[in-house]
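Heads up, the thing below is written out as structure tokens.
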Amino acid sequence: MHKLLTYPFNPQTILKKRKSIRRELLASAEARIDKKIAVLGGSTTHDIISILELFLLDFGIKPEFYESEFGLYYEDAMFSEELSAFAPDLIYIHTSRRNIAAFPAPADTPESATELLNAQYSHFETMWEHIAEKYRCPVIQNNFELPFYRLLGNRDAWDHRGQTNFITRLNTKLYEYAAAHQDFYINDINYLSADYGLLQWSDPFYWHMYKYCLNLDAVPALSYNVACIIKSIYGKNKKALVLDLDNTLWGGVVGDDGVDGIEIGRETSMGQVYSEFQDYLKELRGYGVMLNVDSKNDEENALAGLNHPEGSLRPEDFISIKANWDPKDLNFTAIAQELNILPESMVFIDDNPAERAIVTAQVPGVSAPVMDAPEHYITALDRCGFFEATKLSKDDLSRNEMYRANAQRAELQKSFANYEEYLLSLEMRARIRPFEPVYIARIAQLTNKSNQFNLTTRRFTESEMQEISGDNSYITLYGRLTDKFGDNGVISVVLGRKEGDTLHIELWLMSCRVLKRSMEHAMLDQLVHRAQRDGVKKLRGYYYKTQKNGMVKDFYKDFGFELISSDGDDTVWELPVAGYTDKNKVIRVNEDE
């Protein structure tokens, strides 16, 4: 990540050097996905867009922007032919308290205030519904910041005539809409303005002089927050933390001070600081963030520290624990290999700036936030937005258990000389079915997160997947895999479009945590059976090379497809379905049907 775009960043420096930062980012060799983003503003948005572009480029997304005229967010959303021609992949609606048309008056009754509230909400809901019907793309909507003055003092918070009360109620209606609609997300400027300082955020000078609804220096904070939502939608989130121990999870050095001498717990102020950080990490784990240890320590001392009675984290809370005297960058890489995820999907947390510098230098793409003081650890990690949660599926919440079960499988494999016997010992069962509504969110999420085992790397929103699932011109399959160690969740997706007697496989992906378990064989078997049932004579598969999917470049060749065309590294393959013989020998499929 660009050093000027990492938290804590200097807003004045970013605003001043935006052009040179942009040139540096565009000149880098990093692969990026292209996205068309419409920014519909209720206030001036030019600087917001220019800074948003920097953060998106840094996240691996190359944006093309459409910008509405000042204050015409509603008109553009509802009527603009230019926006329609632009065909956005995502729409961001940048409105604020300044765009609330009316507030309750002193003479208003509770009933009339509620009528006014519903009218204001209806203005926005009508726009969202139109966007959903016409554009079928994700929408990010600002909520509303509180007023920087209170006409009724503290009563403003609860009186039906208070602006503070009115905005709070209006925001609640936005949240209810977000909870009930897929591909709709809230950009929480109510929180951002409080975090920044409401009086500074809402400085009237910038509105009256430039028609900015926020302080210009707050633009990077706003743009970064929007960028975090966008990168999460498109699968650019981090997946795991790799944590140092001494002076990171506790105060002191366990090898020197002994378990009784480290600072953790409620007895001292610094012990409380480390306890709070451990509690925060434990909560992150509950939301699917994988925890790992990379520490220069004897393993015995490391485990003793993790078993300290006042600590909230235990050895079983971690997927991998590397406590040894090897260089930390080597341990970091080994952890990535064990988890079977890309190193850039992990975040390195260490109090030592020298260790952070070594790991980031030796393992490209790794983030290592500045951890300058224990009392700031939570803020330093939290404000980086590494784990922005736009979707929370059951599989996300169970990620730690799934990867821990993978470690158990790896240990079992060591006891078998014959790999097929090992696979049979896992007692694997698969559910491979056409897309079902309950899994649409997870299926769309996989298309945006899976990069290595992904033959075309096409990305889809929930709305797009929902539409495809009801289209008879497509064959769709998801795969869910379970074995004696646990449920791996939905881990594979195949999508093919029928054209005459040919099925064009537009998407084939699989989570890397189930590689070499024969799930790809089971998916192909089911795809062929569905194709035969629909009168398809041949499958046509496509491989489009990216920087990350080289592992599947020979996928179709290995499965018996014939190469029919090649354009550099991109290839097209074909397989007749007549005479096809099932390839899966170790997984029991759809036994519940």
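All values derive from a computational prediction rather than experimental measurement.
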Take D89 and Y234 through the side-chain hydrogen bond (donor to acceptor under 3.5 Å, both in side chains) test and state the conclusion after the steps.
CA-CA 11 Å; D89 295 311; Y234 293 118; 5.5 Å; no
Kindly indicate, with the supporting measurements, whether the criterion side-chain contact (heavy atoms from CB on, under 4.5 Å) is fulfilled by Y92 and T45.
CA-CA 11 Å; Y92 167 46; T45 56; over 6 Å; no
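- For the residue pair T114/R169, the side-chain donor-acceptor check at 3.5 Å is satisfied.
- Remark: the backbone N or O of D76 is not paired with any side-chain donor or acceptor of S68 at under 3.5 angstrom.
- Each of F184, Y74, Y135, Y185 was compared with W128 under the ring pair (Phe, Tyr, Trp, His ring centres under 6.0 Å) criterion, and only F184 meets it.
- More than 12 heavy atoms of other residues, nucleotides or ligands sit less than 6.0 Å from atom NZ of K134.
- The closest donor-acceptor contact from the side chain of Q278 to the backbone of L249 lies under 3.5 Å.
- A240 and F387 get closest at one heavy-atom pair: N-CE2, 4.0 Å.
- For the pair K36 and F65, the cation-pi criterion (under 6.0 Å, within 45° of the ring axis) is not fulfilled.
- Checked by atom type and distance alone, the side chain of S232 never pairs as donor or acceptor with a backbone atom of I229 at under 3.5 Å.
- The residues R136 and E464 are annotated as not salt-bridged, no charged nitrogen and carboxylate oxygen being separated by less than 4.0 angstrom.
- Outside the 6.0 Å centre-distance limit, the rings of H94 and Y73 are not counted as a close aromatic pair.
- Between R383 and D195 there is a salt bridge, since a side-chain N of the basic residue sits under 4.0 Å from a carboxylate O of the acidic one.
- At a cut-off of 3.5 Å, with distance as the only test, a side-chain donor of N549 or T546 sits close to an acceptor on the other residue.
- D396 and Q445 are linked by a side-chain donor-acceptor pair at a separation below 3.5 angstrom, with hydrogens and angles left out of the test.
- In this structure, CD1 on I349 lies 8.0 Å from CG on L281, to the nearest 0.5 angstrom.
- Between the CG atom in L57 and the CG atom in L25 there is a gap of 5.5 Å [rounded to 0.5 Å].
- Side-chain contact of T95 with Q141: a donor-acceptor pair under 3.5 Å is present, judged by distance alone.
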List the steps and the verdict of side-chain hydrogen bond (donor to acceptor under 3.5 Å, both in side chains) for D47 and Y212.
CA-CA 10 Å; D47 289 295; Y212 265 109; 2.7 Å; yes
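- Between Y66 and F86, the ring centre distance stays below 6.0 Å.
- With ring centers used as reference points, Y478 lies under 6.0 Å from Y439.
- Residues D244 and T248 have side chains that bring a donor and an acceptor to within less than 3.5 angstrom of each other.
- For the residue pair K239 and Y403, no side-chain donor N or O sits within less than 3.5 Å of a side-chain acceptor on the partner.
- Within the model, atoms CG of D294 and CG of D350 stand 8.0 Å from one another, a figure rounded to the nearest 0.5 Å.
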Under the side-chain contact (heavy atoms from CB on, under 4.5 Å) rule, what do K17 and I14 come out as? Steps first, then yes or no, please.
CA-CA 5 Å; K17 296 186 176 182; I14 293 175; over 6 Å; no
Walk me through whether E24 and K3 qualify under salt bridge (Lys or Arg N to Asp or Glu O under 4.0 Å).
CA-CA 11 Å; E24 290 176 34; K3 61 181 180 180; over 6 Å; no
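- Q120 places a side-chain N or O within 3.5 Å of a backbone atom of A101 that can act as its donor or acceptor partner.
- Tested against M346 for a side-chain contact (heavy atoms from CB on, under 4.5 Å), the candidates L241, V359, I335 yield a single pass: I335.
- Environment of CZ in R22: sparse, with no more than 12 heavy atoms of neighbouring residues, nucleotides or ligands closer than 6.0 Å.
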side-chain contact (heavy atoms from CB on, under 4.5 Å) evaluation trace for M371 with F277:
CA-CA 12 Å; M371 310 297 283; F277 186 48; 4.2 Å; yes
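- Between Y474 and E467, the side chains place no donor N or O within less than 3.5 Å of an acceptor N or O (distance only, hydrogens not considered).
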Could you please spell out the steps behind the side-chain contact (heavy atoms from CB on, under 4.5 Å) verdict for L477 and V493?
CA-CA 6 Å; L477 292 175; V493 178; over 6 Å; no
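- Ring geometry for Y210 against F205 counts as perpendicular: the plane angle is over 60°, on a 0 to 90° scale with 30° as the lower cut.
- Counting heavy atoms of neighbouring residues, nucleotides and ligands inside a 6.0 Å radius, atom NE2 of H46 does not exceed 12 of them.
- To the nearest 0.5 Å, the span separating CD1 on I61 from CG on L56 amounts to 5.5 Å.
- Contact check on K231 versus E388 returns no salt bridge, with no Lys/Arg side-chain nitrogen under 4.0 Å from an Asp/Glu carboxylate oxygen.
- For the pair R32 and L26, the tightest heavy-atom approach, listed with the atom from each and the gap, is NH1-CA, 4.3 Å.
- In this structure, R285 pairs ionically with E401, as a charged nitrogen and a carboxylate oxygen lie closer than 4.0 Å.
- Nearest heavy-atom pair across S492 and L446 is N-CD1, 4.3 Å.
- Judged purely by atom type and a 3.5 angstrom limit, S122 has no side-chain atom pairing as donor or acceptor with the backbone of N118.
- Summarising the geometry, atom CD belonging to E53 is positioned 11.0 Å from atom OG belonging to S223; distances are rounded to the nearest 0.5 Å.
- A side-chain N or O of D382 and one of Y280 form a donor-acceptor pair less than 3.5 Å apart.
- For K236 and F59, the positive end is not near the middle of the six-membered ring at less than 6.0 Å and at most 45° from its axis.
- In this structure, CG on D203 lies 11.0 Å from CG on L198, to the nearest 0.5 angstrom.
- Between the side chain of T456 and the main chain of Y544, no donor-acceptor pair closer than 3.5 Å is present.
- Shown here for L216 and L15, the closest heavy-atom pair between the two residues is O-CD1, 3.7 Å.
- Under the 3.5 Å distance criterion, with hydrogens and angles disregarded, no donor-acceptor pair is assigned to the side chains of R459 and T447.
- A donor-acceptor contact shorter than 3.5 Å is absent between the side chain of R98 and the backbone of G42.
- Residue K238 comes nearest to G365 through the heavy atom pair NZ-O, 3.9 Å, listed as atom of the first residue, atom of the second, then distance.
- Remark: of the listed residues D188, N225, N187, N190, N187 is the sole one forming a side-chain hydrogen bond (donor to acceptor under 3.5 Å, both in side chains) with N142.
- Relative ring orientation between F9 and Y7 is described as perpendicular, the plane-to-plane angle rising above 60° on a 0-90° scale split at 30° and 60°.
- Between the S84 side chain and the S80 main chain, no donor and acceptor come within less than 3.5 Å of each other.
- Within a 6.0 Å radius of CD in E69, no more than 12 heavy atoms belonging to other residues, nucleotides or ligands are found.
- A donor-acceptor contact shorter than 3.5 Å is absent between the side chain of D183 and the backbone of C137.
- The shortest distance between side-chain heavy atoms of M78 and T126 falls below 4.5 Å.
- Ring geometry for F144 against F124 counts as perpendicular: the plane angle is over 60°, on a 0 to 90° scale with 30° as the lower cut.
- Contact detail for Y542 and I505: the closest heavy-atom pair is CD1-O, 3.6 Å.
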